[in-house]
Every structure is written in structure tokens, then in C-alpha cells.
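Here is the structure we will look at, set down as C-alpha cells.
Throughout, a chain's letter reflects where its sequence line sits, starting with A, and its residues are numbered from 1.
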Amino acid sequence: MSADYVLMKGNEAIAEAALRAGCRFYAGYPITPQSEILEYMSVNMEKHGGTFIQGENEIASMSMLFGASAAGARVMSSSSGPGFDLKQEEISYLTSNNLPAVLVNSMRYGTGDGEITPGQDSYWVSTRGGGHGDKRLIVLAPASVNECAELTYLAFDLAEKYRNVVEILTDGAISQMIEKCTLPPAKEHDIDKFDWTLTGKPLGVKKNKMNNLTNIIGHPAYSEMMLNKFKTMFAEEQRWESVETEDAELVLVAYGISSRVCKTAVREARRSGIKLGLIRPITVWPFPRKAFEALPDSVRGFVTVEMSISSQMGEDIMMAAKNSRPLYGCLTNVNIPRAKQIIDFCRDVLSGKIEPMEVI
Amino acid sequence: MPVYKTPKSIIAPSGCCGGCGHGIIQRLIAESIEELGLQDQVIACVDIACSEWSLDCLDYDHIAGPHGRIASVATGIKKVRPDKTVYALAGDGSSYVIGWTETTYAAVRDIPITMIVVNNGIFGMTGGQMNLATTLIGDKTVSSKAGRRRETMGHPVDMLQAIRTFDVEFAARGALYDTKHIDETKRFIKKGFENQRDNKGFSIIEVLSPCPTNWKLDPVDAMEKIKNENEKVFPVGVYTDRGGNK
Amino acid sequence: MAKAKANTELCKGCRLCVRACPKHAIIPLEQVNKNGYEIIEVDQELCIGCGMCYKTCPDNVFTVE
């Protein structure tokens, strides 16, 4: 093993990066395709003096995490598909108490039980979800094993900075692939570094009462604080990668596994004279609207490349593009898109054979 | 002659209705904690609903968790801060109905916390609906207006009988209907905190407690109902004590 | 001898103390406190300071010392 990089699965990189970020509490429940995160934590968490708990269900796991976060620890849980649905209640509670946590959603395709294969149709539950009430999660979408480590490491700092839930939105492909990966340096987290945590204080010392913050600080104050937080996160945390958009005729928009294929498609299309570009959101919330500012006049439209039935990211693209250009949907649902498929699709768009997609 | 004085940990009146047992239970918790000298290191976990009233009353760090999940919340806290005194205070709906899984596995993991379950046979905060685990057959509630019928609504179940099989440190049921039983309940609660202080396992104390408002009885009659009816179905006493009485 | 003292501002009128007192030293009154609850009075002559009222009171009305 080189000191510079290791070969790892995406899931393992997420788990190892979390430990190196000082995560000392993990609770979760098995579900494909994220189970290696749980398994990795079961082997390695105790070596770092932390707590690993295989929960009796997602809800209990998240409630343990809720308590551990309130007590000051850096905490993580992970799931997929139907398992991630069950985490929604506690995401809402974490939000209402201003508690940080890092969650991983490794998307599998489909509704209901769906498939265990990769998918990108949990975009809504990640960017719009989080249970009842008004909330925003910072959602980071890695497109490589290296980025799994990098973004997980970052996620803990962002979660603490904003006292907010941060989600790593990966998919069965990114989670399961093995690539080289540079791991971040290990650091320790001090559970006593914040004054808002539950520490068990002597009588007479002011106590922390964690309840819905609305009960503690009242409604106007809570609303103002939350709105400011959401706005700040939206303004300051947009992350993306732009590829050859400077002279593009069509700009692909894709994240995660689809974005990797899009990069190949951009390269190959340009060899045959089709000028494609790519905007790859790294944060899907906040959606990188800034990436859509100042695009050249050459851009005739956007193509969302997603593994979904009806396009979940389309409305974010339309809002970011302010309806300036038509949007086309290269939607591959259960299949990972292929470069040739994307190029053929774009060729048909440019020749007028494909109509713009109506976002529904 | 003993002196009876409100524990220092109680810093405000409770928001409970007149004659509610929650106030007595809060005091027993505070007395037990102070008698054991643990008052400067407590983290209290309270469930949504009437247990939440203690948030303002007791001078401890507090957290109110999602309904039914308080044993899990307490588990997370105890794991991060094992040297602190962590207790969970919850109702019977929370602990035995929606959160029965969470209660079960906190017990199975033998987490060294002290859990106090208020058995008032009803969902108090939401207006007195039937509790699947604790409403007696025949008891009228707003969701069993003609009285609970076994055929259609199932029957009350003694969850401590199940918990005793999970090999926990301590499980006991007390009652509040007279001072003798209040004293006994206090001994159980104190034992639960002693066990935690001594790094023993999971302790659970259930308390038969009145809800005069939703039972639509005056507080004195509510205590009589516990004595004459509820205790017959939910006998008081120690269900399991792994360490034995010392 | 120790006697029970009642801070009736905390009283919620439940009368559990009246029931618990072995000496019938707690008198229920129709008089209300600022929260509108009917309060009680301890007959200091009858009180033996046993603490039963303290133990049964959900609202920390009593002190015995």
C-alpha cells in the first residue's frame, strides 16, 4: 500500500473518511447497497474508541444518533432506498434541535422495494425530504471513490458549521466501485468543544434543554434563524464542476455515476464535432445555480442525464437556467447511461428529432 | 424526625394537571438522584407528551426525543458520555406501544441507563385515547367509548413480564396510590440509579400513575381506581433483580 | 416538633393530601389561589409532621421541618 493512495470501495472510503474526521458514533441497519459502511464501522469504530451499534431498525438507529449528537459526538448513519425513508422522522427532529449529523444515502433504483442495483431516483427524498416541517439538508454527491472520502470528511465540518444535517448522496455504483483513493489525515473531535451540548452539569449552572427550538426560543426567532441559515447555506455552499461549457452547444447536467459517463460522452462527442459540455453538481442542495450564470450564447439547451423515470433534477435545472433554454431528458431509469446513448441522444436533440421535456 | 423538603433539583412548578402522578414521579427521581449525590452529572431524556413537563421543572440537562424513541436517545447519550447519569422518562404509549421495539433493544443491549415508565393506561397529552398495552378491559376512553373490548381491541399486557426474560439488571413496578407504595416506588427508582452509578445494566421502573383529567375521575377516585383495578392487572413488585437485594 | 407548612400558591386542589393525612389535619378550603385552584390549610394543632402530605403531593406544596 502506498502512503499516497489506497484501493478502496466507495462505501469503505466513506466509512474510513468518517473515522478520520473524528466520527465516533455510528448506528445503522443493513440494506444493500450501503451495507459495507455498516460492516466497516463494525470492524473499525471500536479501534478508535467510538461506538458502533447495529440498530434494531432505522428509526431507533437515528434516535441513538440524535442522542449522541446532542451529547457532542460526531455522528453518522447510512442507508438506501426504503431504509432511508425511515430516517426522515429523526432528520426532522435533528433539524428542529439544530443538531449536526452526517447521513449517507446510497441510492438503489426503484420505488417500493425496487431493485438493489444503482439508481438516482432518491434525489427528491434527499433534496426535498427530511420529514415534516421546513428544512434544508446540504447534500453532497460524490462521483468517485476519492470524492466519497473527500466529501465525507468535509460533511462533518459543514454539519458542525451550520448545526445541520449533511447528506452524502451516492449510488450503488459509486458505493460499490473500487478505485484509488487518497485518504484525508486523521483528526480527533473534542465532544466538549461546544456550549450547546448535553454534558450533565452541576445544579445551578445553566442547563441545555433540547426540545423543539420553537419551544425554547419562540416562533419568530426560530423562523428568522432558520431562514438565515438556509439562505447562508444556499449562497455559500454551492459546489460544482463545469466541463467544456465555454463553447458548448448542449450542456449535460448530471451528478454521481451518470456524471462520470457524461464526461466520457463530452470527450467522445467533441471528437466527432458535437460540442457538448457538462455541469456536474457536487452539491445537489444547494443546487449550483451559479454554474448556470454566464453560460455562452452558443448553448442551445440542457440535457439532464439521470437514472430516473420522470426526471427529478429537471426542475432544479429549469430554476437555475431561469427557463432560458429548453431542457431535454436523457433518462435511463434502471440502467446506468452509456456514453454512446448520450451522444446519440444529443445528436437527435441538435437535429430537432427530440422535443424538449416538460418538467412535471 | 425526618425532614421533608422539596429537592434542590426541582426549580419550577410542573405544568401537569391537578392530581397527576407525573409530579410525584419527578420528585422521586430528584430525591433519588440527590440522595445518591448524582445531581451534578445528570442528563435527562424525556419523551414527547406529559413526560416533557419535567423539562422546565428539573435542573438537569434535558432532551426531548421523537415519540417512542427515548430509550434509543438515552442509549446514544450514554454511549458518548458513559460517566454521566442518564435517565429516560416516558409514558406507557411511548415505551410499550410505538416504542416497544426501542425499549426492548435498550433492554436487550443491557444499556446501563435508568428508564422510568409512567403507566397511566392512556394517551394523556393527546386527550385520553386508549393505550393498547395498558388500558384495562372495559375502561372507557375517547377512542374506546363503550369500553375496551378484548375481541376487537386486544387486551392489556404486562410488559415487565417480557422484559424480565431479557436478562436486564432490574425491572420493577411501583404505584402511587398511597404513601406506602410511593415509598416503595422511590426505593425502586433509587435502585435504578444505584445500578447505573455502579455501572450495572439496564434498569426499568414502571409506575402505576393516575391521569384524573382523562380518566374523568377526581384525583382521589383516580388513586382508588389504581388500587382496586389497575394493580390487579399490573401487580407491583420486583420482576427481576440480577444483582439481588443488598 | 416538626410541622407541615404549605405553600398553597403551588396547590392544584387535588386533595390527595387530605386523603393521605392520618390525622385529618389538612382542611380543604373553597378559597382559591392566584391560579384559581381551591387550596388547603394545615391544622397545626393536629399535625404530627409525619410527611404523608409531602409524599403524596404532586406539586411540592409541603415542607416539613
Side-chain angles (χ1 to χ4, degrees), chain B residues 1-31 50 53-54 57-58 118 120 174-187 207 209-213 215 217-227, chain C:
Chain B
M1 203 80 185
V3 170
Y4 297 99
K5 210 173 170 184
T6 304
K8 289 193 186 74
S9 307
I10 297 179
I11 53 170
S14 88
C16 301
C17 309
C20 171
H22 271 276
I24 303 174
I25 293 166
Q26 283 172 21
R27 194 191 72 238
L28 299 182
I29 290 171
E31 285 176 355
C50 294
W53 290 119
S54 92
C57 307
L58 295 175
V118 181
N120 60 11
L176 303 178
Y177 62 78
D178 60 24
T179 50
K180 177 175 155 246
H181 284 89
I182 291 171
D183 284 345
E184 184 185 54
T185 302
K186 159 101 174 275
R187 283 199 300 278
V207 185
S209 177
C211 179
T213 300
W215 291 0
L217 293 174
D218 84 49
V220 170
D221 291 341
M223 289 297 193
E224 293 297 326
K225 173 178 156 40
I226 294 176
K227 181 178 165 185
Chain C
M1 191 167 135
K3 299 278 181 187
K5 287 196 194 68
N7 175 6
T8 54
E9 283 310 309
L10 297 173
C11 182
K12 288 181 184 162
C14 71
R15 310 310 198 204
L16 292 178
C17 54
V18 178
R19 171 178 177 266
C21 179
K23 294 291 173 188
H24 307 290
I26 300 179
I27 306 146
L29 306 177
E30 286 181 13
Q31 183 190 338
V32 295
N33 61 17
K34 69 172 189 288
N35 294 323
Y37 292 110
E38 289 182 349
I39 58 171
I40 48 85
E41 187 179 46
V42 182
D43 185 329
Q44 296 292 319
E45 293 295 309
L46 294 174
C47 178
I48 56 166
C50 67
M52 297 301 135
C53 51
Y54 168 91
K55 286 179 182 176
T56 201
C57 177
D59 295 290
N60 305 302
V61 167
F62 297 96
T63 307
V64 184
E65 58 185 344

Could you give the distance from [atom1] ([X]) to [atom2] ([Y]), rounded to the nearest 0.5 Å?
X	Y	atom1	atom2	value
C:Asn60	B:Gln26	CG	CD	8.0 Å
B:Tyr4	C:Cys50	OH	SG	7.5 Å
B:Asp178	C:Leu16	CG	CG	11.5 Å
C:Lys5	B:Lys5	NZ	NZ	10.0 Å

I need the minimum non-hydrogen distance between [X] and [Y], along with the two atoms involved.
X	Y	result
B:Cys20	C:Pro58	O-CB, 3.2 Å
B:Thr179	C:Met52	OG1-SD, 3.0 Å
C:Lys55	B:Ile182	O-CD1, 3.5 Å
B:Pro219	C:Cys14	CB-O, 3.5 Å

Less than 4.5 Å to any heavy atom of chain B: does that hold for the side chain of [X], its backbone, both, or neither?
X	answer
C:Asp59	side chain
C:Cys53	neither
C:Arg19	side chain

Among B:Asp183, B:Ile10, B:Asp218, single out the residue with the greatest number of heavy-atom pairs under 4.5 Å to chain C.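 Winner by heavy-atom pair count: B:Asp183.
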Which of B:Glu224, B:His22, B:Lys186 touches chain C most, by non-hydrogen pairs under 4.5 Å: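 Among B:Glu224, B:His22, B:Lys186, the one with the most close pairs to chain C is B:Glu224.
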For B:Lys227, I'd like to know if atom NZ has over 12 heavy atoms of other residues, nucleotides or ligands within 6.0 Å.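 Incorrect, the count does not exceed 12.
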Is it the case that atom CH2 in B:Trp53 sees more than 12 heavy atoms from other parts of the structure closer than 6.0 Å? no
Can you confirm if the NZ or CZ of B:Arg27 lies within 45° of the ring axis of C:Tyr54 and under 6.0 Å from the centre of its six-membered ring? yes
Heavy-atom contact with chain C under 4.5 Å, split by part of B:Cys17: backbone
Between C:Lys12 (side chain only) and B:Cys16 (backbone N and O only), is there a donor and an acceptor less than 3.5 Å apart? yes
